[in-house]
Undergrad: 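Here it is, the structure, as structure tokens.
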2 protein chains.
Amino acid sequence: MKNATTMLMENGIKPSYQRIRILEYLMSHRTHPTVAEVYNGLIDEIPTLSKTTVYNTLKLLIEHQIVNEILIEEKEVLYDVAEEDHGHFKCVSCGDLIDFNLNEAPPAVPTGFVVQSVHVYYKGLCNKCSGKQHKE
Amino acid sequence: MKNATTMLMENGIKPSYQRIRILEYLMSHRTHPTVAEVYNGLIDEIPTLSKTTVYNTLKLLIEHQIVNEILIEEKEVLYDVAEEDHGHFKCVSCGDLIDFNLNEAPPAVPTGFVVQSVHVYYKGLCNKCSGKQHKE
DNA sequence: ATTCTTGCAAATCATTTGCACTTTA
DNA sequence: TAAAGTGCAAATGATTTGCAAGAAT
């Protein structure tokens, strides 16, 4: 995988110091961190960092499809570097969030996992909007 | 589909007036309403209804798997009466949320729809917790 | 110098909590 | 009259917004 600076530039995003560090954090922490975790993970090395910048940067990365948001926690959004298709398994007992492969049919969860509910959602353009191709 | 009172009783939930009306609202409004929409849809006929009761009741219905929560909006949770498996398609342009059938492989979105991203999540027990079978 | 980026503080808003009141068996 | 259910008001906490200061070209 390319380095953070290259990924930003290839997507037309000016690679500021904060943006590089936030994307690097996501690339090296594949634990679906929250905004707070990204912030806390960087604040020691970047004492001037603000949460607003973390929010702004994540929104920017999502708009450019470099990062996906995972809406599985009721209370806060998790973030994930966009890569191969994978699903997420959330344990309702311990709260762990585990990736699983989506390139098999049916998508296979690891051995020993008990699926209680399946949730699928797509995002894109509906039939009314796909003709216009314009957003907002 | 059974009526609301029957569904509640079959699941061991005491069918209070508020619970019946809230479940009836969900059964007759298959538009993935928010808490606020459920509340606003009932407040005229049940002037004493409180949002806390709507929250409490929805949580209870979810615990008994009568209702599913849809985590697709960033800001608020949507609710759906539990039925046949179906996925949700959110249009990033107009914001519409459309159901689609999951019982085909691959899951087919309606004609004219453009899928930009696929999100799948399962909930259940991970391998560490499935042996214990205990929650919380 | 103008535009982009950052960051603080305040505002917003969905959801939760504490507790008191009401209903039901 | 206990126990369960309801509801008000306040608290919580993630996210957004307005705006001023800083950095870059």
Side-chain angles (χ1 to χ4, degrees), chain A residues 4-5 8-9 11-25 32-64 66-80 95 97 136, chain B residues 4-5 8-9 11-25 32-64 66-80 95 97 136:
Chain A
T5 306
L8 291 171
M9 289 195 298
N11 283 276
I13 300 173
K14 193 186 294 183
S16 76
Y17 181 64
Q18 288 88 336
R19 289 171 178 169
I20 294 167
R21 297 302 305 273
I22 290 168
L23 180 53
E24 281 177 349
Y25 185 91
H32 323 99
T34 62
V35 165
E37 285 164 355
V38 173
Y39 174 80
N40 292 328
L42 291 172
I43 190 62
D44 284 345
E45 297 181 41
I46 317 174
T48 61
L49 183 66
S50 83
K51 261 188 193 160
T52 305
T53 298
V54 179
Y55 276 107
N56 288 341
T57 301
L58 289 172
K59 176 180 290 186
L60 190 66
L61 297 174
I62 288 167
E63 285 168 359
H64 287 266
I66 300 172
V67 166
N68 288 322
E69 55 186 357
I70 307 175
L71 300 169
I72 185 171
E73 300 284 349
E74 291 74 12
K75 308 299 274 299
E76 50 190 353
V77 179
L78 311 181
Y79 297 89
D80 209 16
L97 190 62
E136 78 237 70
Chain B
T5 305
L8 292 170
M9 290 195 298
N11 283 278
I13 299 173
K14 193 187 296 183
S16 75
Y17 181 64
Q18 288 87 339
R19 288 170 179 172
I20 294 167
R21 296 302 305 275
I22 289 168
L23 180 52
E24 281 178 347
Y25 184 91
H32 323 98
T34 62
V35 165
E37 285 164 354
V38 174
Y39 174 80
N40 292 328
L42 291 172
I43 190 62
D44 285 343
E45 297 180 40
I46 315 174
T48 61
L49 184 66
S50 84
K51 260 187 193 160
T52 304
T53 297
V54 178
Y55 276 107
N56 288 341
T57 301
L58 289 172
K59 178 180 290 186
L60 190 66
L61 297 175
I62 288 167
E63 285 168 1
H64 288 266
I66 301 173
V67 166
N68 288 321
E69 56 186 359
I70 307 175
L71 300 168
I72 184 170
E73 299 284 349
E74 290 75 11
K75 309 299 273 302
E76 52 190 355
V77 180
L78 310 182
Y79 297 91
D80 211 16
L97 189 63
E136 80 239 74

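A note on names: the letters A, B, ... follow the listed sequences, proteins ahead of strands, and every chain is numbered from 1. Because the structure is predicted, anything quoted here is derived from the model rather than measured.
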Undergrad: Starting at the 5' end of DNA chain D, which residue's closest nucleotide do you reach first, B/I13 or B/K75?
TA: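 Closest to the 5' end, via its nearest nucleotide, is B/I13.
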Undergrad: On the nucleotide C/dT6, are OP1 or OP2 found under 4.0 Å from the side-chain N or O atoms that A/S16 carries?
TA: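 Yes.
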Undergrad: Rounded to the nearest 0.5 Å, what's the gap from NE2 on B/H64 to CD1 on B/I13? Could you check?
TA: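 B/H64 atom NE2 to B/I13 atom CD1 measures 4.0 Å (nearest 0.5 Å).
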Undergrad: Taking B/T57 for its side chain and B/T53 for its backbone only, find out whether a donor-acceptor pair lies under 3.5 Å.
TA: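 Judged by distance alone, yes, a pair lies under 3.5 Å.
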Undergrad: So which heavy atom on A/Y79 is nearest to which on A/I62, and how close?
TA: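 So the two residues come closest at CE2-CD1, 3.5 Å.
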Undergrad: Looking across every strand, which nucleic acid part, if any, lies under 4.0 Å from A/E74 by heavy atom: base, sugar-phosphate, or nothing?
TA: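 Result for A/E74 = nothing.
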Undergrad: Distance-only, no hydrogens or angles: does the B/E37 side chain make a donor-acceptor pair with backbone N or O of B/T34 under 3.5 Å?
TA: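 Confirmed, B/E37 side chain pairs with B/T34 backbone.
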Undergrad: Search all heavy atoms of A/V54 against all heavy atoms of A/I22 and return the closest pair with its distance.
TA: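 Looks like CA-CD1, 3.9 Å.
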Undergrad: Is there a side-chain contact between B/E73 and B/L78, using heavy atoms and a 4.5 Å cut-off?
TA: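 Sidechains of B/L78 and B/E73: in contact.
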Undergrad: Which ones in residues 41-54 of chain A lie close to DNA chain C, meaning a heavy atom under 4.0 Å from one of its atoms?
TA: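 Under 4.0 Å from DNA chain C: A/T48, A/L49, A/S50, A/T52, A/T53.
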Undergrad: Using C1' atoms of five pairs at each end, report the bend of the helix from C/dA1-D/dT25 to C/dA25-D/dT1 rounded to 10 degrees.
TA: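 The end axes of the helix from C/dA1-D/dT25 to C/dA25-D/dT1 are about 20° apart, to the nearest 10°.
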Undergrad: For the residue pair B/A36 and B/K51, what are the closest heavy atoms and their distance?
TA: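 Between these two residues, the closest heavy atoms are CA-CE, 4.5 Å.
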Undergrad: Got a second to check how far A/L8's CG is from A/E24's CD, nearest 0.5 Å?
TA: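 That separation rounds to 9.0 Å.
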Undergrad: Determine the minimum heavy-atom distance between B/T5 and B/P15, stating which atoms define it.
TA: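 Taking every non-hydrogen atom into account, CG2-CB, 4.0 Å.
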Undergrad: Ignoring hydrogens, what is the shortest heavy-atom contact between A/R21 and A/E45? Give both atom names and the distance.
TA: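 Reported closest heavy-atom pair: NH2-OE1, 2.8 Å.
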Undergrad: Please tell me if B/Q18 has a side-chain N or O lying less than 4.0 Å from either OP1 or OP2 of D/dG7.
TA: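 So the side-chain polar atoms of B/Q18 do come within 4.0 Å of the phosphate oxygens OP1 or OP2 of D/dG7, strictly under.
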Undergrad: What are the two closest heavy atoms between B/S50 and B/Y39, and how far apart are they?
TA: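 That closest heavy-atom pairing would be C-CE1, 3.8 Å.
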Undergrad: Can you give one letter per nucleotide of nucleotides 20-25 of chain D, 5' to 3': B if a protein heavy atom sits under 4.0 Å from the base, S if only from the sugar-phosphate, - if neither?
TA: ------
Undergrad: Considering heavy-atom distances to DNA chain D, does B/Y39 or B/R19 have its closest nucleotide positioned more toward the 5' end?
TA: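 Nearest nucleotide further toward 5': that of B/R19.
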